[in-house]
There are 4 protein chains.
Amino acid sequence: MRVGVLTGGGDCPGLNAVIRAVVRKGIEVHGWEFTGFRNGWQGPLTGESKPLGLRDVEDILTRGGTILRSSRTNPYMVEGGVEKIKAVLAEQEIDALIAIGGEDTLGVAKRLTDDGVGVVGVPKTIDNDLSATDYTFGFDTAVSIATEAIDRLHTTAESHHRALVVEVMGRHAGWIALHSGLAGGASVILVPERHFSVDQVVEWVERRFENEYAPIIVVAEGALPEGGEEKLVAGDKDAFGHVRLGGIGTWLADEIAHRTGKESRAVVLGHVQRGGTPTAYDRVLATRFGLHAVDAVADGDFGVMVALKGTDIVRVKLSEATAELKTVPLERYEEAEVFFG
Amino acid sequence: MRVGVLTGGGDCPGLNAVIRAVVRKGIEVHGWEFTGFRNGWQGPLTGESKPLGLRDVEDILTRGGTILRSSRTNPYMVEGGVEKIKAVLAEQEIDALIAIGGEDTLGVAKRLTDDGVGVVGVPKTIDNDLSATDYTFGFDTAVSIATEAIDRLHTTAESHHRALVVEVMGRHAGWIALHSGLAGGASVILVPERHFSVDQVVEWVERRFENEYAPIIVVAEGALPEGGEEKLVAGDKDAFGHVRLGGIGTWLADEIAHRTGKESRAVVLGHVQRGGTPTAYDRVLATRFGLHAVDAVADGDFGVMVALKGTDIVRVKLSEATAELKTVPLERYEEAEVFFG
Amino acid sequence: MRVGVLTGGGDCPGLNAVIRAVVRKGIEVHGWEFTGFRNGWQGPLTGESKPLGLRDVEDILTRGGTILRSSRTNPYMVEGGVEKIKAVLAEQEIDALIAIGGEDTLGVAKRLTDDGVGVVGVPKTIDNDLSATDYTFGFDTAVSIATEAIDRLHTTAESHHRALVVEVMGRHAGWIALHSGLAGGASVILVPERHFSVDQVVEWVERRFENEYAPIIVVAEGALPEGGEEKLVAGDKDAFGHVRLGGIGTWLADEIAHRTGKESRAVVLGHVQRGGTPTAYDRVLATRFGLHAVDAVADGDFGVMVALKGTDIVRVKLSEATAELKTVPLERYEEAEVFFG
Amino acid sequence: MRVGVLTGGGDCPGLNAVIRAVVRKGIEVHGWEFTGFRNGWQGPLTGESKPLGLRDVEDILTRGGTILRSSRTNPYMVEGGVEKIKAVLAEQEIDALIAIGGEDTLGVAKRLTDDGVGVVGVPKTIDNDLSATDYTFGFDTAVSIATEAIDRLHTTAESHHRALVVEVMGRHAGWIALHSGLAGGASVILVPERHFSVDQVVEWVERRFENEYAPIIVVAEGALPEGGEEKLVAGDKDAFGHVRLGGIGTWLADEIAHRTGKESRAVVLGHVQRGGTPTAYDRVLATRFGLHAVDAVADGDFGVMVALKGTDIVRVKLSEATAELKTVPLERYEEAEVFFG
């Protein structure tokens, strides 16, 4: 049996750990052969691939990124895409695919299964916004990195009576902001799920200064002030076609400085959050996902994705897996408010 | 309302995060007053305590250990212990207790509730061996520290063609060994749940050397060779009353050296695994445990402990909570064997 | 004997380690008493101070920031400032001062010594731009933090064929950029000491992409393109009085994206670089500085600052210490160019 | 021109950074070709080698260990060793060698130069015991790892009123113990340079407990009690030919427990200290050593080694370089005593 593997969408610490577990178990337990397709769904479209043996995955467990590279190519947006994929799989004698990716990658996996290609999915979302799994790998690493940064900012904020705004990832879901804000002891946490009042933020900030501490404000990149009609995400193109230089973090730091008269600075962690070696938690989860994806292939159980439920790895229909975005429930957010100010 | 807080048993990163969340929510939301009892159950026995206000918990989120100190005192082993506790609580006008600890501490909490004292438990076990909760805080930190050490050992092992044995915590349950071994890419993982064959270990070690890599063997301190009649735990007293200097890790490194003729060394991480700042994961879990323990007290729901189920914090009867040890299931262990050798 | 201690200027990991060493040696060896002045030179001006005993410095070695807080107050800009200081010192019976700070703080220390106050200086500059000492504490920590970020960015850059620009501290001297760029394996390093050609940067970036790697460009916040007439430092006020949201890093990422057609993003580490626990290197250096500052006071050797020369701590006249800025010599910069592209 | 590179002796974080810098500068600036000899001096003896190009050194900067592997082979102990080396060099058309290693490796380099082979040395000693250079790479990494461990041990020691003994590397020189002990805030530091009195250690330990803190004792593996006639180094063979399971650390923890009646435990960091990614400091130093070694080869300046003097990289005659061991001067040790107890 020959199995193809690919990684799609944004990169995420733990992708290589999945690939390693898949190849190791497939070869050691089942005697399969593996093909690594390059650049997400572009690989099976164009045939760009390489064999994956035990040596290829020997040293990759601890490495961030993906040895297979990634892309956002969607074969259903390509004329004759599905036929091309079937032709490539036939030519390379591939019996099944393991597709590691987020909502888009898994959406393609679902449609391909419907179209007769055997695919098993492995979920990946650094933002923790897939509803069918408790967590995915990459999220814990991102939260850890953001928390380390917040830890460092406390002492410098206090030594200088400064407000510091930390912008973290999360365009649609505030999980990274919520968890890193809780873990880092933030004075304010702002998430996309609830528009925030700048007046309220200023009140928390001033209360914090009154207590002789310095406020750290953690803000998800997709968070918006009440009445804000336009997302202020750095890196987006603005009306003039220029990449936006500062996002909500720098905007908010400026507002706080103007309204409180205190020095206020923004830190934008950006891609640091998604790179580098995964945490132990993410390596274990990614490894278990990989092992169970091989089980699903061995069972011929296609059209499913592996998922974490409590401490178990289970299988979920791909059709359910990508149905809705998992955002922060308001009660989880409100629970955190006890630490604000 | 006045609530007492105490921490019992071995220390664990995250204890202070629980204390902070409890005090913060109790004061900010309910307007309660808090008393911190010192040294576990010894505090309510002797009355040794201090008030806990917002200032006391301001800076403790990131700190390991416990600001309340700990002990293994069991009031049910003390003549008239329960009466003494009731007298202290009456005198200090304490309406309820929040007890943070492991099996022993929670066992006392259960019996005290039966004896008419209102106690809510917060589970703590760095070894992850409490069956009533998916995880507790401290475990993720211990696994992370062990994994970092294993990461470092790979390169030095390979540069010198050496076998390295890493002894990690786990007298009765192999969770830390299993997770850190998986996360660190160990060549062999040995746990207390299954006696190991030294011959088999040697075979894996030699296979690893043949592939021009160097083996890392992760062994839980409570793991035993087949036929081993005596636990080889460092720090235990031996037959002569001396503290045992080397445990299973050093013993195994010696065996491997003798049988393979290769250089072999042991690293015993010891207390490094349970100290220092908690990981972001453990801080969030500990914080959520603390917030929900306050909810239970507010509901007058005593004799329960908070627990993690999936992504939710739930309440579990203390009587069920400490019923059995959660060891590594054999299928979880066997799943990992695909990476051995 | 009673000695006053203060910290001035921007904060820097290691300040607390100096304070601890000073107090510990002064008390244990000489039996002195210590007064901590708050907020830099503002403390001796207003008399705001507190006694510093062994307990006060017990837990501070590993903490970033400064327990004495800091400010940029210059008593020579205050009407009657010197007289006020002398009055405060007389009233509090202070025999000598240990002033920990950068160019400005040490400049005041020098003038006060000339005006008859006994001051010993301890140099502090996170930017490594003081010419009279080989290194100061804080620099190693800043370089380490920037290097960790660069390490993380490599894998994400490569997985997505992206250019990543990392803006690090250094308005006038490029030491942090040079060292973190060398340590992190940057493809381009840009420093204030040499205006850069955007064409040349683009050439290096494109060469890197051709070799199937992804470029990381490390840029000091004070670096300027050739012909750049205005510093592009984030946080400065622009012509409209608004705090500038993006600095040279975001500007350069935008330029690279426009010119190469490749995705390009900026990471601005900001205050993360100066906060949190110092590296072991910085703790040892800060501790040794503190011990030797006490020796200078004991010798009555005022008007000097302690400095690192090779592996020795020596004393340097304050008049020489602040004479010139230590920038990156061109030959050190050119030596690094072998790694560009 | 063709240049051979080799690494000898114990491994050390930064070896790969040297190799990368050498190859990169040699190729980019001089157009040389490189041969990597495997396993230290064994490579030039047997001819085991491989070409080293830019691709081979692309990803190695951050990796511990050495891609060339290492050994302790001494060609002057091998019959006809020098002639064999000359024959291999002639056959492979090698014009010069860059040898990276410690006292032994550099001793061979010196003799080979005398025997007509052009060798430039790069010093490597994790223990910091080479007298001809201020520091070498690897030492800062080892100190950092030991310091992190000590940081973690403080909270667990205090929560349980326990003494913790940390055994660090250093058979003949106590530099790692001194620096990590200072950086970690140890209560006692013990080094090979001065035999210690167990009574004195116990006194410091008890004083620490009296102040309600818990003592951390940092001990170099080669430290000895007064009257101790035999080194207690773990891993050495004892009189029965068995590898010694516990060294001075476990011995001392046992002594302290017996004499004070307090719980006392040892942590033996072992090989964790020499593995894994180098600190930023070590990467910069290793890189600069590599660049300057190439300069020496380009100048035909053989029989020298590169060395750090202050902030400069200089050249030192190999004959002077290995003349004497650099141990901790007593005044440096006594300076630290102010922190004991």
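Chain identifiers are assigned alphabetically (A, B, ...) following the order of the sequence lines, protein sequences preceding nucleic acid strands; residue numbering begins at 1 within each chain. In this text the structure is predicted, and so the values were computed from the model without any measurement.
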A:His161, part contacting chain C, at a heavy-atom distance under 4.5 Å: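 For A:His161, the side chain is the part near chain C, not the backbone.
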Chain C-proximal positions within residues 136-150 of chain A [heavy-atom distance under 4.5 Å]: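 Expected list: A:Thr141, A:Ile145, A:Glu148, A:Ala149.
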Worked verdict on C:Arg162 versus A:His271 for side-chain contact (heavy atoms from CB on, under 4.5 Å): CA-CA 11 Å; C:Arg162 250 181 212 142; A:His271 284 75; 3.1 Å; yes
Atom pair OG1 (A:Thr277) and CZ (C:Arg152), whose distance is rounded to the nearest 0.5 Å: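 The OG1 atom of A:Thr277 sits 7.0 Å away from the CZ atom of C:Arg152.
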Main-chain N/O of C:Gly276 paired to A:Thr155 side chain as donor or acceptor, under 3.5 Å: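 Side chain of A:Thr155 to backbone of C:Gly276, a donor-acceptor pair under 3.5 Å: yes, one is there.
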Greatest number of heavy atom pairs closer than 4.5 Å to chain A - which of C:Asn39, C:Asp151, C:Leu153: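 The candidate making the most pairs under 4.5 Å is C:Leu153.
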A:Val267 versus C:Leu269, closest heavy-atom pair with distance: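 Nearest heavy atoms, A:Val267 then C:Leu269: CG1-O, 3.8 Å.
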Contact leader toward chain C among A:His154, A:Arg69, A:Arg63, where contacts are heavy-atom pairs under 4.5 Å: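 Most heavy-atom pairs within the cutoff with chain C belong to A:Arg69.
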